[in-house]
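All heavy atoms count here, side chains included; hydrogens, waters and symmetry mates do not. Since the model is a prediction, treat every value here as computed from it, not as a measurement.
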There are 2 protein chains.
Amino acid sequence: MSQRVPTVRDVAVRAGVSVGTVSKALNNRGQLREETRARVVAAARDLGFRPNALAQSLQSGRTYTVAVITTDRFGRFGNPLMLGVEDALGADRVSVFLCDTRDDPIREHHHAQTLDERRVDGIIVAGRRKQTRPPLAVASGVPVVYVIAQSSDPSDFCVTTDDVGGGALAGRHLLAAGRTHIGHITGPERFADPRERAAGLQSVLDSAGLDLAGGQVFYGEWSEDWGRRAAEMLLHAAPDTDAIFCGSDQIARGVVETLRDRRLRVPGDIAVVGFDNWEPMAAGCRPPLTTVDPNLREVGRVAATRLLDMIAGTPVQGSTETVPAWLMLRESTGVRLVDPQS
Amino acid sequence: MSQRVPTVRDVAVRAGVSVGTVSKALNNRGQLREETRARVVAAARDLGFRPNALAQSLQSGRTYTVAVITTDRFGRFGNPLMLGVEDALGADRVSVFLCDTRDDPIREHHHAQTLDERRVDGIIVAGRRKQTRPPLAVASGVPVVYVIAQSSDPSDFCVTTDDVGGGALAGRHLLAAGRTHIGHITGPERFADPRERAAGLQSVLDSAGLDLAGGQVFYGEWSEDWGRRAAEMLLHAAPDTDAIFCGSDQIARGVVETLRDRRLRVPGDIAVVGFDNWEPMAAGCRPPLTTVDPNLREVGRVAATRLLDMIAGTPVQGSTETVPAWLMLRESTGVRLVDPQS
DNA sequence: GTGCGGCCAGAAAACCTATTCCGAAAGTTC
DNA sequence: GAACTTTCGGAATAGGTTTTCTGGCCGCAC
């Protein structure tokens, strides 16, 4: 019995008061003599009393827990996202359940059910790609915020990245750097994300009256190897290319390697912009990559903030909130000239 | 009121029985007529009844929740670890709270306190480096398993990676490939992880009567840039080097780049082994990297399994469990010859 | 035929831990 | 001594599980 964690009852006995009084004393509620309050507080301290959050939640109807359901296999995109979520939630003493569905609907349903039973205050559903997905099968009334992937129910709220804007950002940056023959190498055409990034770039080129170098977007895979191969293709099609915008930092790494093999200087001959700002990939590149940061941490922060609003009953306006991307400037676009003789 | 989630009482009314009977019916306990049981189940289904896990936990003393506290800023090492943890926990319907301390003791203490109040069944404390750390300040009686970083209290249990074994694995592999002038480039000497990996390699070289190429371990940073620079240094000190074992895949990438710049073939002239098996880094390398996989997913699985044992009251024997590493074979050590003329 | 033990199904009540509301006892004030 | 105020105890509550209790029915024995 010495192992048993103390309850209000134990504290009450030790302080010589009733349980109700203990509660009031510890929560600064009701009318109590200062001396009594102090005695209770001392007893609680002596016993190492910690109120049982389960009992409190049962009473109050709020658990101060939130769940993040990700389809990402705890992948790389989830990390900055989680950081942002905790930024927003930590201040409120809200704990977070992390669930990974591994892209399995059965697993997802199972998790949703468990979260229902645990009476979480709200749920964040994070996909790793922009796509429409069926709404989470969860008890009605539980606030849900979708991240990146959006629900097929238009009344559900979604926070997402601005890929069109990111593509435009890259395009404007390259134009400002004096480039006029800009090519684009990116991921699979069947995904919306790369298509949007390409559209952003295209709109900027259109405004400037320029055409895409190579005459087309080079859609392919999210791999360095595709970057290497596509760079060859692009340079073959358009030898006067002076800038390449890549749909990911991995692709950009491959592109840069091909350029190096061909004795083309980056950014001297060709400027390169990546996407993701995946630190180890982008900073480790030679030269380090200028890259579009999709601002995932901020996406997480916004999603969590809106979820807290919904939990508090504040109506969230609009059905989608887009978080602007920003550009991480490094050497691959000549922001800082490395050294004159190179 | 239509929004209120149904309780056992609602089910009881609908089925025309008492609440106790509902409980027994839904949990297959006690003696009930089959007809009654079916009636209750039907009523529960009709109402969409989900038992309140808080109430159940309050009663049973078990919450079926576990927390993972990481100092890693949700870093990359946490991902495979979490995957392993969920592998083991998922089967038991145990949910996991994820807490990140961001290396701040205040934050950690705050999280520990919250978890205490939530009455989690157990806690996994994951560090990103092998080091001794003060035990988590948590209520006595709550099982805690430390991962990678170990507690300064020797009675605490720790699951960790086998860095000595990993280093030896790399060494033996290179010897088996016929290499005899093996160098080693790795991270900071102040960390135990790189020192252990070096020790593992050294022991294999000793057994074979060989010396380390370059006469020393090249300790430095965990960056590609260090890999590039250190490779230069190593080749300068020992031009006959025919293999390099690197303390991380990032370092290996840098090393491979330098070798390529110097027109040295990998693995033809020099074989390279990395460490981490960080897929995008290792697979994207040209040639793809043979690398030591520290088996973090298994570490997570073992940690969670042992934690469940401790929660169940089974005594866990020993104070540290080491999970063996394994070798991911790719082309950088010549497992598969790319093509003859290269 | 009747009395009683035993069994079954399900109701009723206790319990888990903390909060809150109501009211009572004690002390004050006029 | 009536009317308040202050201070605190006790009970109700949240939503389940578990234990105890009760009423009806059956079977067996006298």
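Taking CZ of A:F49 as the reference point, atom OG1 of A:T7 lies at 7.0 Å (rounded to 0.5 Å).
One can place CZ of A:R39 at 12 Å from C1' of D:dT7, the figure rounded to the nearest angstrom. Following rounding to the nearest Å, B:N28 (CG) and D:dT18 (C1') show an atom-to-atom distance of 16 Å. One atom, CG of A:L54, and another, C1' of C:dC16, lie 10 Å apart when rounded to the nearest Å. The distance from atom CZ of A:R4 to atom C1' of C:dC15 is 13 Å, rounded to the nearest whole Å.
Residues A:R118 and B:S95 bring a donor and an acceptor atom of their side chains to less than 3.5 Å of each other. Of the N and O atoms on the side chains of B:S151 and B:D153, not one donor lies less than 3.5 Å from an acceptor on the other residue. Side chain to side chain, A:T63 and A:D121 meet the donor-acceptor criterion of an N or O pair below 3.5 Å.
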Write out a two-atom table: protein N or O, nucleotide N or O from nucleotides 5-9 of chain C, distance below 3.5 Å.
none

Any protein N or O atoms within reach of nucleotides 18-20 of chain C? Criterion: under 3.5 Å, listing atom names and distances.
from, atom 1, to, atom 2, distance (Å)
C:dA18, OP1, A:N52, N, 2.9
C:dA18, OP2, A:V8, N, 2.6
C:dT19, OP1, A:N27, ND2, 3.2
C:dT19, OP1, A:Q56, NE2, 2.9
C:dT19, OP2, A:S23, OG, 3.0
C:dT19, OP2, A:N27, ND2, 3.4
C:dT19, O5', A:S23, OG, 3.4
C:dT20, OP2, A:R29, NE, 2.9

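Checked for salt-bridge contact, A:K130 and A:D193 miss the test: no charged N lies under 4.0 Å from a carboxylate O. Electrostatic pairing of A:R102 and B:D87 counts as a salt bridge here, judged by a charged N lying under 4.0 Å from a carboxylate O.
Shown are A:V96, A:L81, A:V147, A:V125; of these, the side-chain contact (heavy atoms from CB on, under 4.5 Å) with A:V68 is made only by A:V96.
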Problem set entry | salt bridge (charged side-chain N to carboxylate O under 4.0 Å, His left out) evaluation trace for A:R128 with A:D103 | CA-CA 10 Å; A:R128 71 177 166 293; A:D103 255 334; 3.1 Å; yes
